[in-house]
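First the proteins, then the strands, lettered A, B, ... as listed; each starts at 1. Bear in mind the structure is a predicted one, so any value in this text is a computation, not a measurement. Worth knowing before you read on, the calculation uses all heavy atoms, side chains too, and leaves out hydrogens, waters and symmetry mates.
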4 protein chains.
Amino acid sequence: VHRIPVGVLGASGYAGRELCAIISRHPGLELTFATANAQRGERLRLGNGREITFIATDDAPLRDSALVFSALPHGASGEWVERVLADGARAIDLSTDLRPGNGATREAPYGLTEVTRDAVRGAQAVANPGCYPTSILLAILPLIARGLVAPGATINAVAASGVTGAGLTPRLDLLFGEVSEDFRAYGIGNQHRHLNEMRAVLAAAGTDADLLFTPHLLPVARGILATITVPLTTTLDDPNAIWRAQYAGEPFIEIADEPPSLRDVVRRNVVRIHARHAAHVRTPTLQVFSAIDNLVKGAAGQAVQNANLALGLDETMGLPA
Amino acid sequence: VHRIPVGVLGASGYAGRELCAIISRHPGLELTFATANAQRGERLRLGNGREITFIATDDAPLRDSALVFSALPHGASGEWVERVLADGARAIDLSTDLRPGNGATREAPYGLTEVTRDAVRGAQAVANPGCYPTSILLAILPLIARGLVAPGATINAVAASGVTGAGLTPRLDLLFGEVSEDFRAYGIGNQHRHLNEMRAVLAAAGTDADLLFTPHLLPVARGILATITVPLTTTLDDPNAIWRAQYAGEPFIEIADEPPSLRDVVRRNVVRIHARHAAHVRTPTLQVFSAIDNLVKGAAGQAVQNANLALGLDETMGLPA
Amino acid sequence: VHRIPVGVLGASGYAGRELCAIISRHPGLELTFATANAQRGERLRLGNGREITFIATDDAPLRDSALVFSALPHGASGEWVERVLADGARAIDLSTDLRPGNGATREAPYGLTEVTRDAVRGAQAVANPGCYPTSILLAILPLIARGLVAPGATINAVAASGVTGAGLTPRLDLLFGEVSEDFRAYGIGNQHRHLNEMRAVLAAAGTDADLLFTPHLLPVARGILATITVPLTTTLDDPNAIWRAQYAGEPFIEIADEPPSLRDVVRRNVVRIHARHAAHVRTPTLQVFSAIDNLVKGAAGQAVQNANLALGLDETMGLPA
Amino acid sequence: VHRIPVGVLGASGYAGRELCAIISRHPGLELTFATANAQRGERLRLGNGREITFIATDDAPLRDSALVFSALPHGASGEWVERVLADGARAIDLSTDLRPGNGATREAPYGLTEVTRDAVRGAQAVANPGCYPTSILLAILPLIARGLVAPGATINAVAASGVTGAGLTPRLDLLFGEVSEDFRAYGIGNQHRHLNEMRAVLAAAGTDADLLFTPHLLPVARGILATITVPLTTTLDDPNAIWRAQYAGEPFIEIADEPPSLRDVVRRNVVRIHARHAAHVRTPTLQVFSAIDNLVKGAAGQAVQNANLALGLDETMGLPA
């Protein structure tokens, strides 16, 4: 069987490793290189019992690949995407550099696959969404599309993420001894980029609703749960019917009968959504719960989903549902 | 030094054990009995190197105590409070049985100490607040007292609790193998009682605001963090000044410069609060973060704080700040 | 593609669920039933997005299956194996009931696959090994086979297991609030059966060495690490060469250059082994480290490995290496 | 009440913070300074609601203190101890620099308090023991003192420590995402120093036994459990009687009826010991289990215990038993 050669830039972090693992089990892709400057020469164990040795990013054989994933840091990734494209390969960028709301220098379709599928199909470059935006936007866009959000409302997304969302970086506040048995909101760094990204997507969707976004750090390795409160124009008889209709037939979206838990979604390329009306509240108010694995549907899995579409493969190929 | 004899009914659960531990280190109290029907005859190690042997609840020497704490289950606790009072001792009830909003059969001051201190001083019986209500009410009552909550607003409390909040009960969903690496909202049982309790207190405070309350289960042993969103009538220059003024001189309330974390409060009888205006939202909206140890300020610690006041002792005696 | 119909008795526990998940992804097997008396009527989500509904064990359609796995409790499992065999199906028993050292009433090959492969191939019934015995016996049998264990020595296995090893049972001592942040040796129940099992296998291997086995409970969900100390007859130049030779070509055994960690093996059907000579000790003494996932190589994975052999399929089919 | 002024050098790590917390609650000591070069200017919250601001180590007012604790890194600590002594204050050194077996340049009593109490009383400088040596030596020295260890035996200490034992250092392998759900032996760095330390103490105790020491990393914040196997000269009727006799009246040593767990000892300045004969082993073999909090009895607590003796205070003052 012919496998399409692909590479990974910035493969030593959590998202990069997850990418390598998914690619190694993908029946249509062949991992040809994985770069990591600091870990150059070290071997990474892949899911199929094989290994790959990290090379320096400057040594990446871009021309030999049909598609390159970049999990390089924000700021550095964009220029590597240009090199990849100049060398004739497609690029899936997991950084913020091509995403809306963050001053992207290149137009590229936003890879929130279930919403932007047509634009991603056959694309040269794709801006892979952030993890928080994936969980939150897939949950609220169906309400906006139907004009159900109350005019001038504030959509309130209180979200919590496992620590891999902060990356594989040697920060004191991410040590086991600091994170274990703790829980806290945090307000610096990443989530501003994510807020910009979500605000840009919502604005493009034509809503005048504000978005309030409050991320929290969970003492778990993986997973994001967003608890989203949305003032509605009206009370719905069967709120979950909205998402069932919007996402009918989607292989990676699950509408649940109960609020989802992280355990329902970890190691799977799915978002799991449940909605219910708030009780004891006079104005129609919906709570939407949305859970993903931040490294799979929130990063590497969705990146491969987008790569499948860009390369003309079956969208679900190689992805753990 | 004379120590006042006190007992604990229902001492084998998490709150009951915490009560016994605090009492054992309390310079003004002497633990004379601890009951636990199923664990009768077993010994509980106390904080000072001593032990106490559980006796059956029916064997509790109520008359020998000046004050009895009841950590018996909801439904069973109320009648034991009556027996305690009939025997001439004071009672601090940690169950919902005397709390507002849950059909209490006896009038008893609500022991949200910093708010209801005068009613608790010298009281015969005190309804000790629930853990979620303690964290949420101490955070929002100052805004209500000042008329700052927007008319007809919904106050949105998204809260997360460690597993000891669910008690020491052999439930499959509380096993380590189920809770570890998970996070989820839950909507049954306890929190309805807590919502009733909070709604009753808010109604008594004269607000027309609705309260939306969504509890979540955290993979930690102890601690509650509430992330509360409040639509305001106006923008505040220095939001934290509200709580600094309201709680000036309070030994067990901390107003922080950053959102509190569980680590700031565990094993301490404090609530730690921080407020900030929501950014990128057009209507004045405040986020108030409130953290407590659910077993200390949310249960046993506040119970001893109330007991100190009921007995005429210094309010801070024996409490870990 | 024809898939061989198989069923699972006692499918609601941790091992039973893992079995159902592996079978659902197995290209050669079809899960036809899963029994769980207490959870009868509940649905179990399988790895491929499908679900199966638990039925009562008495309702199991044994005749329709070519092979039945029993993850029923010790004591109850053996008689169900007899019924399975009487109905003409093969049986893989995950309980102790057929294992050596515990009074088995039926002769059945012991399914420590890499050691007993020939006996398992085509077998009607297989006694699937315990989790601790799998990790410990695969590590020490090569030393015994080569006569390298010092005469009259005591082999000292200090092992630690994640909590799923204790099963999905509502025990207070397995609650998250009790296990988190704890670690302890334990000496009751299961491990005696495991010690009997290991002693019987070692005796059959012809060694006069004693075995000292001390299990500990880890605050993790999955995984066993055994740290085994073995007095040797002589010092070895390259200790790991023993296992590399013994297990050359084995797809599910990894000989590592460093002591293995649980992360190396979780969710994989492998045992990972590393050996090193003890430093600063005058008599030749080897330390052998052995890690497995207690639910995969220690239970459900090895069971499917044995089923593959019993059914004449490729031994590695459907197993995550 | 007069309190004796003491300072802490290197106060920003886990042991240093624990020291500051214990001192702040100590009725006889006054914390006059806490140094931390990188955190200079930051405030540390103390146990009594007060705070202290870190100063640079070079700015430490050594002359104003009666005693100085050094939790500076190994290698740097020793010279600061000299400065402290030159300035006329006493010194308790928590690093390895003064400990036996590691090339100490100064003679100082080893502060394994229950064993070396007389040498510590009134001492100018004390070498505070390592965490692993504290747990292991207190467990095995009574057997050596009684000549019960079999001649030429190997004492086998398999021990596991929480991550705070590795210090508050930004290492990738100590991130929550790496440690959670993992367990592994490790063999580099610290534990060599600890092995040297234990071998030196054992040699001084006159035993010819070898010591095999294998540390493991636990996914918990605090605590060490050592599982120690000792070949004996004879079988003992009541093994725990050895420790009960040796440590009769010791306020910080507990002899338990069951193997201790970390939960029994965390946040307490105690070692908890239990011994039992190995079953099914022909030669008399004892297993001794020993648990401590690595930051309290294994570091800061024992340091204060030694400081109390050096200063002529009651040995138990300010210590959580």
request  = Count the heavy-atom pairs under 4.5 Å between each of T164(D), D173(D), V163(D) and chain A, then report the option with the highest count.
outcome  =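 That would be V163(D).
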
- request: State whether the number of non-hydrogen atoms from other residues, nucleotides or ligands found under 6.0 Å of R263(D) atom CZ is greater than 12.
  value: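 Counting neighbours around CZ of R263(D), more than 12 heavy atoms of other residues, nucleotides or ligands fall under 6.0 Å, so yes.
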
Does a side-chain heavy-atom distance below 4.5 Å link E178(D) with L168(A)?
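The answer is yes, as the side chains (C-beta and beyond) meet within the 4.5 Å cut-off.
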
| Any L174(D) side-chain heavy atom under 4.5 Å of F176(A) side chain |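 A side-chain contact is absent here, since even the closest heavy-atom pair is not under 4.5 Å.
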
Discussion item. How close do T169(D) and L172(A) get, counting heavy atoms only, and between which atoms?
Written reply: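 Between these two residues, the closest heavy atoms are C-CD2, 3.8 Å.
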
